[in-house]
Amino acid sequence: MSIFRRLGLAVVVVAALAVWPASGAMAGSWQVPLSGTGSARTGDFTPSGPGDVTQEEFPTFDNQQGPDPYNGTISLSTGAGSGPSVSSGKKAKSNPTFDFGFQGLNHYQQRYSRGGNQFSVEPPDQGMCVGNGDVVEVVNDVFNVYSAATGASLLPDNTASNIVAGFARNVNHAVDLNSFFGYPPAINRSTGIRGQFVTDPSCIYDAQTQRFFLVALTLETVPTTGAFTHVNHLDLAVSQTSDPTGGWNIYHINVTNDGTNTGGVNPGPYLGDYPHIGADANGIYLTTNAYPWNTNGFAGAQIYALSKAQLAAGASSVTVQHIDTSGMVNAPSDAGPTQPGFTVWPAQSPGTSSFNLANNGTEYFLSSNAADEAQHPVSGTAGTRTSNQLIVWTLTNTASLNTASPAVSLSNKILTVGQYGVPPKQQQPGSGTAPSTDVPQGHCLNDTSTLLFDGRTTGCWKLLVGAGPTSEVVSRPDSNDTRMQQVTYANGKLWGALDTALNPDGGPQRAGIAWYVVNPSVPKVILSGDLGASGHDFTYPAIGVTPSGRGVMAFTNTGDTTFPSAAYAPIDALAGVGAWNDVPGGQGAAVDDGFTSYKAQVGNPPRTRWGDYGAAAVDGNSVWIASEYIAASCDYATWGGPFFAGGTGDNLLGTCAGASHGPGTRTALANWSTRISELTP
């Protein structure tokens, strides 16, 4: 198994049992047909409950440990705009006013959509996009549409038909992603048959075409076991109108390579991990990280370019132009063929006038190179896990995507920036200590004395696992690994940020954020710096910037005395990043108590999953931001309910839903939520 940190699910290698149209070589072009349509309506299912033949909660998940943090000291940058402790002396353009916010999707909705024929999933990879008065949110593995004015779901109320364990369950109208893409349930609990596994979703709204574009990675599975075959594809959904509650057109883009590249180092087939989406005036751009299924190592970031106009029109087929960043031997590349792109994030632009039309259309991307994948892609061994380089990628002639013979051209340049490095894990209150009753799942796994519902058996751990008890502790959630996060092209500049190790005020190493404002046409760094604070960890940033250059950066804030919270800071090209705050209503209410935190659930050592990314979107003069946080607390007796002797409440363990059966604030196995906020910078 590779040492590399695949942020999707870990792979189980079996012989490919399905056939997908081959894409040919690792770079080139081919036609992708319109495969069908989808909508935000729940598909057929058998309600889960007493007749279930399986109680499986987890798909095959990633239990690989993330990389060790950088073993050094990185002080807060002293350059202009480097966080609240540093002043550039210039008056900031961006001074965000909080307008509105609401809780988005949560784990209860994820697990109990489609009649409970879902898995427990962490982390909630979070896509969010806004336009036409609608807010679309998509996470692993559910979808919702909200009113931008009220935060209420605009999808049909599916509560009455959403029966789980004999009762209707209110999931705030959310629809599972398998239904959205037209697949069978993730797991049919009445038969045990598995459907496709959908992961890593993200979306954008394009004001030029007035369409929503949503991409996710889908892995084909062996129906009887759930083991992954080699076959995986990007599912690209395009709204048929500006209304995301209506129909969507769906295109499948093979990223497996089907073993056609069988020679050389790190040969295929590949896993197309961590897809993301961007757009310019002419194209939609999808990027992935290609990992070989059968060998160690990394095969480079992949770029897939498609005509935006053709997709928006629902064309019967669209040409995909594919570029492999590890094969740029004859292209203008500062990095060279021995350093492929890693998480080459495509830019998105606000409004209709922010695109770069030079060179017959230009799209930009940003990436970093401290990760092992960028430094040692062939051998698959650890690198330095630190860097002072930022890579700007430029794709030109994008207008050719609208012709019968697309011919885009990719180049890159390396810029020198302040040092960044792989951060440590986050701290949260109680990290490393035994979970108290305020951390109910963790406490349960250690509990040998609580009397259960039969009045004879003791030991809460018996409700969750088959062997125990264990000696669990409050976890330290994952930070990211210095890969680039969301990229925006606005006001003629590229804006991006990533996780880094920092030593605020010369103290202990913490997780912080390195941010960048770049003039990509030169290219040069206009402003850059760090955001960190003593006693806090900042992770998974996402930046949204208006056409006038006023921006907001979203992130998660945790700390020694701070529960995981949704936070933000202003950003502009004059003063950089300003003072940070938690968003109103986004203050964390409890510690992360998810199943990936505990060795009894996932093995030893556990790896508490968080992220893997947040989102930001621009709608007019507003910037919408979305981050993961812990929205609600739940005491031990309420979590146990009637499963504890003398207890009352829901007949599903751990939902904290009360005798009315919901809606719940969490499940037995996880308590993550997402927060969506509108600000005017």
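Note that these values count all heavy atoms, side chains included, but never hydrogens, waters or copies made by symmetry.
Between the side chains of His252 and Ser35, at least one donor N or O lies within less than 3.5 Å of an accepting N or O. Side-chain atoms of His233 and Asp235 form a donor-acceptor pair, as typed in the model, at a separation below 3.5 Å. Using a 3.5 Å distance cut-off with no hydrogens or angles, the side chains of Gln126 and Ser627 do not pair a donor with an acceptor. Asn369 and Ser387 are linked by a side-chain donor-acceptor pair at a separation below 3.5 angstrom, with hydrogens and angles left out of the test. Ser409 and Asn397 share no side-chain donor-acceptor pair at under 3.5 Å. Checking Asn388 against Thr416 by side-chain atom types alone, no donor-acceptor pair falls below 3.5 Å. Residues Gln210 and Asn132 bring no donor and acceptor atom of their side chains to less than 3.5 Å of each other. Defined by atom type and a distance below 3.5 Å, a donor-acceptor pair is missing between the side-chain atoms of Asp243 and Thr241. Side chain to side chain, Asn289 and Asp273 fail the donor-acceptor criterion of an N or O pair below 3.5 Å. Thr325 and Gln302 share no side-chain donor-acceptor pair at under 3.5 Å. Under the 3.5 Å distance criterion, with hydrogens and angles disregarded, no donor-acceptor pair is assigned to the side chains of Glu628 and Tyr540. Of the N and O atoms on the side chains of Thr287 and His276, not one donor lies less than 3.5 Å from an acceptor on the other residue. Judged by distance alone, the side chains of Glu678 and Ser622 do bring a donor and an acceptor atom under 3.5 Å apart. For the residue pair Asn402/Ser307, the side-chain donor-acceptor check at 3.5 Å is satisfied. Side chains of Gln31 and Ser317: a donor on one and an acceptor on the other come within 3.5 Å.
Listed here is the closest heavy atom pair of Asp572 and Leu574: OD1-N, 2.9 Å. When every heavy atom of Met553 is checked against every heavy atom of Ala497, the shortest pair comes out as SD-CB, 4.0 Å. Of all heavy-atom pairs between Val545 and Pro350, the closest is O-CG, 3.2 Å. Scanning both residues, Thr482 and Ala370, for their nearest heavy atoms gives OG1-CB, 3.5 Å. The two residues Asp134 and Pro244 come nearest to each other via the heavy atoms OD2-CD, 3.0 Å. For the residue pair Ser368 and Ala374, the shortest heavy atom distance occurs at O-CB, 4.3 Å.
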Q | Intermediate values then yes/no, ring pair (Phe, Tyr, Trp, His ring centres under 6.0 Å), Trp248 and Phe180 | A | CA-CA 9 Å; Trp248 295 64; Phe180 179 82; 5.2 Å; yes
Q. Can Thr37 and Asn249 be said to form a side-chain hydrogen bond (donor to acceptor under 3.5 Å, both in side chains), step by step?
A. CA-CA 5 Å; Thr37 60; Asn249 294 321; 5.9 Å; no
Q | side-chain contact (heavy atoms from CB on, under 4.5 Å) between Thr97 and Leu679, worked out | A | CA-CA 5 Å; Thr97 299; Leu679 299 101; over 6 Å; no
Q: Take Tyr291 and Phe298, measure what ring pair (Phe, Tyr, Trp, His ring centres under 6.0 Å) needs, and give me the verdict at the end.
A: CA-CA 5 Å; Tyr291 292 93; Phe298 177 63; 5.2 Å; yes
Q: Begin with the C-alpha distance, continue with both residues' side-chain angles, and end with the deciding distance and a verdict on side-chain contact (heavy atoms from CB on, under 4.5 Å) for Glu137 and Phe143.
A: CA-CA 6 Å; Glu137 187 185 23; Phe143 172 97; over 6 Å; no
Q | Chi angles and distances behind the ring pair (Phe, Tyr, Trp, His ring centres under 6.0 Å) call for Trp580, Phe538 | A | CA-CA 10 Å; Trp580 63 273; Phe538 299 154; 4.9 Å; yes
Q.
Run the side-chain contact (heavy atoms from CB on, under 4.5 Å) test on Trp293 and Asn232 for me, step by step, so that the C-alpha distance in whole Å, both residues' side-chain angles and the decisive distance to 0.1 Å come before the verdict.
A. CA-CA 11 Å; Trp293 288 87; Asn232 62 115; 3.7 Å; yes
**Q.** Derivation of the side-chain contact (heavy atoms from CB on, under 4.5 Å) call for Ile74 and Thr500
**A.** CA-CA 9 Å; Ile74 302 178; Thr500 183; 4.1 Å; yes
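Ring geometry, Tyr516 versus Tyr420: the interplanar angle exceeds 60°, so the pair is classed perpendicular (tilted spans 30 to 60°).
Cation-pi check for Arg211 over Tyr205 is not met; the charged atom does not lie both under 6.0 angstrom from the ring centroid and within 45 degrees of its normal.
Atom CG of Leu306 sits about 4.5 Å away from atom CD1 of Ile253, to the nearest 0.5 Å. Atom-to-atom distance recorded for Asn412:CG and Leu366:CG is 11.5 Å, nearest 0.5 angstrom. Atom CG of Asn254 sits about 10.0 Å away from atom NE2 of His322, to the nearest 0.5 Å.
Identified under the side-chain hydrogen bond (donor to acceptor under 3.5 Å, both in side chains) test for residues 346-357, with sequence neighbours left out: Asn356-Tyr364.
The side-chain heavy atoms of Val135 and Ile676, taken from C-beta on, include a pair separated by under 4.5 Å. The shortest distance between side-chain heavy atoms of Leu234 and Leu217 falls below 4.5 Å. Side-chain contact between Val392 and Pro520 is present, with at least one heavy-atom pair separated by less than 4.5 Å. Put simply, the side chain of Leu236 reaches to within 4.5 Å of the side chain of Ile277, judged on heavy atoms. The side-chain heavy atoms of Asp200 and Tyr613, taken from C-beta on, include a pair separated by under 4.5 Å. Considering only heavy atoms from C-beta on, Trp393 stays 4.5 Å or farther from Ser411 through its side chain.
Taking the side chain to side chain contact (heavy atoms under 4.5 Å, CB included) definition, one finds that Thr546 meets it with Ser548, Arg550, Val618, Val623, Pro681, sequence neighbours left out. In this structure Phe365 satisfies the ring pair (Phe, Tyr, Trp, His ring centres under 6.0 Å) test with no other residue, sequence neighbours excluded.
Checked against Val518 for a side-chain contact (heavy atoms from CB on, under 4.5 Å), the options Val417, Leu494, Val487 give a single hit: Leu494. When each of Thr209, Asp206, Asn282 is checked for a side chain to side chain donor-acceptor pair (under 3.5 Å) with Lys308, only Asp206 meets the rule.
Note: Tyr304 and Tyr285 fail the aromatic proximity criterion, with ring centroids not under 6.0 Å apart.
Atom CG of Asn360 is surrounded by more than 12 heavy atoms from other residues, nucleotides or ligands within 6.0 Å.
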